[in-house]
Amino acid sequence: MTSLAGIPYNTLVVAAGVAAVGFAAGVIGSLGVLRKRALAGDAAAHATLVGVAAAFLVTGRRDLPVLLLGALVAAVASLGVLVLIRRFTRTRDDAATAIVLGVSFGLGITLLSGITARGIPGGGGLEQFLLGHTAALTAADAGLLAAVSAAAVLLVWLGLKEAVLVAFDPDFAAALGWPVTVIDYALVALVAVMVVVGLPAAGAVLVTALVVIPPVAARQWTDRAGTMLLLAGLIGLVSAVAGVAASAVVPRLATGPTIVLMAAAIFALSLLLAPGRRRGA
Amino acid sequence: MNAWLSEQAAMHAWAIATAAVVSSGCALVGTLLVVRRMSLLGDAISHAVLPGIVVAVLAGGRPGGMLVLVAAVVTALLTVWLTQALKSRAGLAEDAAAGVVFTTLFAAGVVLVTAAAARIDLDPSCVLHGILELVPFDTVRLGGFEVPRAFVTAAAVFGLLLAAAILTWKEQLATAFDPAAARAAGIPVGLVTTGLLAATALATVASFEAVGAILVVAMLVVPAATAELLVHRLPWMALVAVIVAVFAACAGYLAAWWFNTSAAGMMAVVLGLEYFAAAVLAPSDGVLSRAVARLWLAWRVTCEDCLAAVWRSEELAADGRAEAPTAVSLWQSVAFRWLAASGQLVGAQGAWRLSTRGRVEAETVVRSHRLWEAWLGRHTELPLDHLHPPAEWIEHHLGATVRKRIEAEVGVQESDPHGRSIPPERK
């Protein structure tokens with residue numbers, strides 16, 4: 001089978017993989033938004049570019065698993081740098097985030113431009129990680145993305161009660177003797193993983209939107225955490241599929257911006273149509 | 001060949017000058033953003049002005065022209081207004097609201113650029129990281145010279161920002177550090193903040209061609225954060241931030257030329273290195289100077305403890321209860337050797353005695369210790385055996401003035417609560 005209703009088989013598989021990413025990002029992003037750490041992954045997202053470029057330079061290969069592993073290392077390293085800045089300097093959190101974000105993105109751009117200027121074979125395509133581009137993904141790549149996403153959702157499923165309580169009332173959770181800090185780190189680590197698997201679809205610059213917009217859209221419809229997570233997942237899924245479809249149809253259109261605009265449209269509709277919700281966290 | 005070389009040099013000089021002016025403007029605005037904890041707003045604005053710029057260019061504005069500047073300011077204010085509206089109407093946390101607004105606006109800008117790429121003079125990669133290297137090729141004639149258009153815009157915007165900063169400095173300062181008092185003093189706090197946001201938008205759009213939308217955040221925040229580690233007064237912070245930014249512009253451009261890569265990216269990298277250097281080497285707050293200060297304190301405490309130990313052993317020897325002090329750690333044995341070498345101790349390992357100079361030091365420490373015990377004994381309910389630990393710590397930190405005050409407080413005493421004599425002041 002090479003096509004279904006005129007759509008190439010590969011596009012369908014990629015769409016399914018990216019849909020899984022969108023779903024998982026919505027679910028995990030919900031926990032981040034509830035914990036009021038909506039932008040926790042933004043610095044890490046911009047830093048992934050360094051990892052992608054470095055992984056390509058070190059291995060000389062452009063296989064997605066290799067590049068994403070590099071991205072994950074860079075994302076975790078950027079979070080480590082944030083912790084170090086907090087621990088050892090007077091710089092406040094907002095400035096620290098902006099520093100890590102700006103400088104790591106600058107380093108990423110420096111490496112990418114260097115690769116392009118030297119004409120290293122296969123290096124040109126790395127620019128796709130800036131804004132996302134799903135057309136070049138293979139079925140195996142999509143399988144990897146889907147598998148990681150499924151694992152992330154499974155982890156959330158297992159620790160849902162703990163994560164939700166920590167998100168809503170960290171002091172109470174601490175009073176129960178729960179390791180709030182560990183759960184917080186686990187949450188940030190999960191967000192970093194989602195940012196990395198969201199990279200091929202949404203790109204380093206906009207991938208944060210995957211973990212922010214679907215959750216806040218879902219939040220307009222419900223006051224129940226479980227429902228919100230599920231709904232955010234579905235909104236992320238729909239947005240992701242729309243992005244893949246649009247970039248498959250319109251030439252040169254990056255996937256990331258389309259996904260973001262789709263999610264934003266759903267958010268705007270939610271804001272207008274959702275019943276009975278006006279204020280309150 | 002020579003003409004070609006000097007033309008090349010002029011090209012690079014113009015690019016560097018543009019980068020320097022652009023990042024000076026960002027550093028100036030960034031100083032206020034950083035002290036007001038609005039760094040992430042700078043991030044949001046620098047992303048969000050993109051659709052404004054693209055629409056203005058589609059409407060016939062030239063990049064860097066008046067129409068584009070106005071459009072960018074309007075979009076920036078719209079971003080902030082939308083963020084506030086989402087916060088109050090949709091009940092979102094500030095960062096979530098900002099996250100929704102700036103990613104959406106940036107995505108819209110990218111789609112617009114992609115859709116209109118054939119018709120307008122902007123391309124998606126320029127949007128992301130700018131093309132400083134191309135700045136010198138687009139010139140206007142100014143007083144008989146060919147001057148890059150981006151430089152003219154950047155210089156005009158920098159002049160405007162500098163003038164605005166100087167004229168409203170008092171208001172900005174008051175709003176930054178005590179908004180409630182500023183409001184009470186009749187300063188229009190809202191207007192001052194709006195002005196700062198507009199200034200951020202102007203600095204961003206002037207930087208746009210040179211460094212792109214995303215690296216602007218590094219230009220805004222890193223110089224100011226670096227300066228904050230080095231100096232403690234706002235005017236100095238602004239000046240140091242500008243110096244840091246200009247250095248990064250020059251060094252970054254040259255490094256990028258040498259390594260054949262993106263100048264804007266390299267400028268951000270140099271800024272990161274400057275921040276790292278400041279964090280490690282800053283005179284009072286640096287990691288290194290604090291480590292050295294801690295190490296020095298630990299060393300001084302050890303030396304003083306060794307001297308006091310010898311003094312106490314001599315005191316006991318006078319009672320016929322001889323007890324020679326010995327080093328219990330490597331650190332202490334080094335301290336003993338140093339004290340002997342510097343003439344504060346005489347004798348040999350296991351039989352140290354104080355020299356005249358060493359005795360002055362030792363008696364000062366023991367006097368501080370026992371005066372503190374006497375004070376604690378009088379003013380607290382601590383049992384006798386709990387007086388020693390706090391005195392053991394504070395003996396290294398009391399000065400002559402404080403000792404005099406304590407003595408005035410407890411009265412001149414022959415002995416501490418343990419019945420041992422308090423040595424007289426020797427310093």
Side-chain angles (χ1 to χ4, degrees), chain A residues 33 36-39 42 46 85 88-99 101-118 127 130-131 205-206 208-209 212-213 215-216 219-220 250 252-254 256-261 263-264 267 271 277-281, chain B residues 33-34 37-43 47 86 88-93 95-100 103-104 106-111 114-115 117 124-125 128-129 212 214-222 224-225 228-229 256 259-262 264-269 271-272 275 279 285 287 290:
Chain A
V33 166
K36 305 214 181 302
R37 299 260 168 91
L39 294 181
D42 201 21
H46 285 73
I85 291 180
F88 287 109
T89 75
R90 294 191 295 133
T91 305
R92 286 173 294 272
D93 279 1
D94 63 324
T97 307
I99 290 169
L101 186 154
V103 172
S104 63
F105 193 74
L107 185 58
I109 290 293
T110 305
L111 293 177
L112 281 191
S113 298
I115 290 170
T116 311
R118 280 157 187 73
E127 298 252 339
L130 282 169
L131 290 172
V205 182
L206 286 171
T208 299
V212 177
I213 302 181
V216 299
R219 184 70 186 89
Q220 304 306 312
V250 183
R252 290 189 304 112
L253 182 61
T258 322
I259 296 178
V260 174
L261 288 183
F267 172 63
L271 211 53
R277 190 177 142 71
R278 282 297 170 262
R279 41 175 61 249
Chain B
L33 289 178
V34 166
R37 305 176 185 211
M38 286 161 59
S39 305
L40 292 180
L41 206 57
D43 182 28
H47 285 77
L86 285 187
S88 56
R89 296 287 295 281
L92 301 183
D95 61 342
V100 171
T103 52
T104 304
F106 189 76
V110 173
V111 170
T114 313
S125 74
L128 288 170
H129 49 81
I214 299 168
L215 292 171
V216 171
V217 68
M219 314 292 154
L220 282 171
V221 176
V222 186
E228 199 180 32
L229 297 176
F259 290 113
N260 188 16
T261 181
S262 154
M266 201 53 117
M267 280 163 65
V269 172
L271 282 174
Y275 176 80
D285 299 313
V287 171
R290 276 186 298 165

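Neither the backbone nor the side chain of A/Ile259 has a heavy atom closer than 4.5 Å to any heavy atom of chain B. Of the two parts of A/Phe105, the backbone and the side chain both hold a non-hydrogen atom closer than 4.5 Å to a non-hydrogen atom of chain B. In this structure, chain A has heavy atoms under 4.5 Å from both the backbone and the side chain of B/Val34. In this structure, chain B has a heavy atom under 4.5 Å from the side chain of A/Arg92, while its backbone stays farther away. Both the backbone and the side chain of B/Asn260 come within less than 4.5 Å of a heavy atom in chain A. For B/Ala96, the parts sitting under 4.5 Å from any heavy atom of chain A are the backbone and the side chain alike. For a residue to count as touching a neighbouring chain, one of its non-hydrogen atoms must lie under 4.5 Å from one of that chain's; by this rule B/Tyr275 touches chain A with the side chain only. Contacts of B/Met219 with chain A are absent, with no heavy-atom separation under 4.5 Å from either backbone or side chain.
For the side chain to side chain donor-acceptor pair (under 3.5 Å) test, residues two or more places apart in sequence or in another chain that qualify with A/Asp93 are A/Arg86.
One finds the OG1 atom of B/Thr261 at 9.0 Å from the CD1 atom of A/Ile109 (value rounded to the nearest 0.5 Å). The distance from the CZ atom of A/Arg37 to the CG atom of A/Asp42 is 15.0 Å, given to the nearest 0.5 Å.
Side-chain atoms of B/Leu215 and B/Met267, non-hydrogen and from C-beta on, never get closer than 4.5 Å to each other. Annotation: side chain of A/Val250 is not in contact with side chain of B/Thr114 (no heavy-atom distance under 4.5 Å). Looking only at side-chain heavy atoms (C-beta outward), B/Ile214 and A/His46 come within less than 4.5 Å of each other.
Each of A/Ile85, A/Thr91, A/Leu101, A/Thr116 has some count of heavy-atom pairs under 4.5 Å with chain B, and the biggest count is that of A/Thr91. Between chain A and the options B/Leu40, B/Asp95, B/Val269, the largest number of non-hydrogen pairs under 4.5 Å is found for B/Asp95. Chosen from B/Leu33, B/Leu41, B/Leu86, the residue pairing most often with chain A at heavy-atom distances under 4.5 Å is B/Leu86. For the options B/Thr103, B/Val221, B/Asp43, heavy-atom pairs under 4.5 Å to chain A are most numerous at B/Thr103. Of the listed residues (B/Ala93, B/Ala108, B/Ala97), the one with the most heavy-atom contacts under 4.5 Å to chain A is B/Ala108. Here B/Leu229 is the residue among B/Leu229, B/Leu220, B/Val216 with the most heavy-atom pairs under 4.5 Å with chain A. With chain A as the partner, the residue from B/Ala264, B/Ala98, B/Ala218, B/Ala224 showing the most heavy-atom pairs under 4.5 Å is B/Ala218.
B/Arg37 CZ: 12 or fewer foreign heavy atoms inside a 6.0 Å radius.
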